[in-house]
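Because the structure is a prediction, the values reported are computed rather than measured. By convention in this document, chain letters (A, B, ...) are assigned in the order of the sequence lines, proteins followed by strands, and residues within each chain are numbered from 1.
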Amino acid sequence: MSNDKQITSTNFIRNIVIRDIESGKHSSIVTRFPPEPNGHLHIGHAKSICLNFGIADEFGGTTHLRFDDTNPLKENEDFMNAIMEDVRWLGFEWDRLCHASDYFQQLYEYAIHLIKSGKAYVEELNAEEIRAYRGTLTEVGRESPFRDRPVTENLDRFERMKAGEFEDGQYVLRAKIDMSAANINLRDPVIYRIRNASHHRTGDQWHIYPMYDWAHGISDAIEGITHSLCTLEFEDHRPLYDWLLDNIPAPSHPRQIEFARGNLDYTVMSKRKLRQLVEEGHVSGWDDPRMPTLAGIRRRGYPPESIRAFWDAMGISKSESIISMGVLENQVRDDLNVRAPRTMAVLDPLKLVLTNFPEGETQWLDAAVHPQNEAMGIRKVPVTREIWVERSDFMEDPPRKFFRLKPGGEVRLRNAFIVKCNEIVKNEQGEVVELHCEFDPDSRSGLPGASRKVKGTIHWVSAVHGVPVEVRLCDRLFTVPNPLADKSRDFLEFLNAHSLDVIEGAIVEAAVAEGAPGDLYQFERTGYFVHDIVDSTPGKPVLNRIVTLRDSWARIEKEMAAG
RNA sequence: UGGGGGAUCGUCUAAUGGUAGGACAGCGGACUCUGACUCCGCCAGUGGGGGUUCAAGUCCCUCUCCCCCAGCCA
């Protein structure tokens, strides 16, 4: 496995930055990741985080984590802390921690400047009237009767808004731009509103709070951001972004560049929808392992390195896309394959009796922790007369190409020896409850006879030494690639009823049961698993399946079933 | 039918007038004490129609489809 960093494939934003450095427009660059602390970050945000931190990092620049905390009604400290934890988990550390609320005073002073230059006015129309005056997509708007109020009057009203003399919604401050603009964002946008609410950082100091467009661009300018990267829906805000900065004595004028958000299939990525899933109890929380949130992904066991590699591989463009979950999963497998110690675990146990193995005896066998990495060492695996094997590894009447256990057939027990299936024991219902097999002592791993080849190898765990654990098999949250595609239907209708399968009686090697939260494993032939960081306790281990191994047998089976 | 964007293999993404390339998936093979991993090979794309040019994914015209915008949200 090569450690060489793959050359970052280029993208249009990176090309712009390169040009700006080469032309001398910027000697160093500054980017920022600007979340609103009103929800949890998801894997789509990770794209933006990787972009902003990645590009600054590549060119020796800096990146700010800035909370866009301009709406006291929706934001809080808990979300802020969770976001910082998520960014750090992803592997990034900001050069500066900032808050839009740090700039409330400057933002206010710039608003005064705008008013004094006759480019902003206090609006008395209510929200409904403002909407009516704004016009529609195809009709121009009308100018407010308060648009040409004298500067002194505007100043006075704005001052009183700030002082808390008015009710929420009574007045707003609007930029005076152009009510007939084709771009609706330019039809005298609201830049301040009254909120007699306590802000989680500034307390009761303010009664007016800036709107996004006012706060964001100026915050960028104050911080000396060189490239303000955002998603496509802000594209028609750019003229406003530029207008606002052009009409105040801004300390700098960053360039806003838009890129497409990152979407995945079989999930939803909007904060509102994710919140709904949490609040209505369709999942156990923001950190449910099935959620696309970073908290969920972390709990699921996806390594942060794999998320970064994933977005690095996906690239940046302006075309909207929905990426196959399979691509992400593959990235996760690639990462886990290298780092995860191997172990054997039986998810759906079927008893197998080694009829020629001494009763009451335990033999300890050597097994590689990682077949491609000797440095990870060996572990001792106990074998006893009775062992558990995977029920799906036995078929009484198997199809061709089934290389596992079958009546009279031979198979290798991984890390042990070859066994031959002599007898099947059934219960009264006709279900197979036990297999009686004879093992070949000469075929034991490490012995010369081990070179004898049989078609199949299966995993197993000693019935004496194995430990029962709870295993949670996570699957996609939705049954369709895009749950939001059909606008006539509620996305909840497409929830996958089988997205979480809890198995109580899985059997693992003792060392796995003793693992710590967050420990990763490959259950050989089955998949990658992680000790649940929330519910796993020493007395009751819980393992989440991170992702299955690729399974070409499943494909063959499917093809055979299809004829 | 206002404005702003977008359309390249199945998926994502390169190619700033000069061989349409890469990754993942898929298919075929090799290897294998994980039907994993790894390795080798293959398949596969410029939305449609015109035009300019020696040469067009790229420039021009036109058509089609998709996304975003009428919050005192971000």
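In the set B:rG35, B:rC72, B:rU34, B:rG35 carries the atom at the smallest distance from any side-chain atom of A:Lys401. The listed nucleotides are B:rA25, B:rA15, B:rG6; the one nearest the side chain of A:Arg550 is B:rA25. Checked against B:rU16, B:rC73, B:rA36, the side chain of A:Asn71 finds its nearest nucleotide in B:rC73.
Look at A:Arg134 and you won't find any side-chain N or O under 4.0 angstrom from OP1 or OP2 of B:rC69.
In this structure, A:Trp553 counts as stacked on the base of B:rG35 under the 5.5 Å centre distance and 30° plane angle limits.
Pairing for B:rG21 is with B:rU13, a Watson-Crick or G-U wobble pair whose two hydrogen-bonding atom distances lie under 3.5 Å. Judged by Watson-Crick or G-U wobble contacts below 3.5 Å, the nucleotide B:rU1 has no partner. B:rA7 is paired with B:rU64 under the Watson-Crick or G-U wobble criterion, all donor-acceptor distances under 3.5 Å. B:rC42 and B:rG26 make up a base pair, with Watson-Crick or G-U wobble contacts both under 3.5 Å.
Between A:Glu305 and A:Arg339 there is a salt bridge, with a side-chain nitrogen of the basic residue lying less than 4.0 Å from a carboxylate oxygen of the acidic one. Electrostatic pairing of A:Arg66 and A:Glu223 counts as a salt bridge here, judged by a charged N lying under 4.0 Å from a carboxylate O.
Comparing B:rC43 with B:rC66, their P atoms sit 34 Å apart, to the nearest whole Å.
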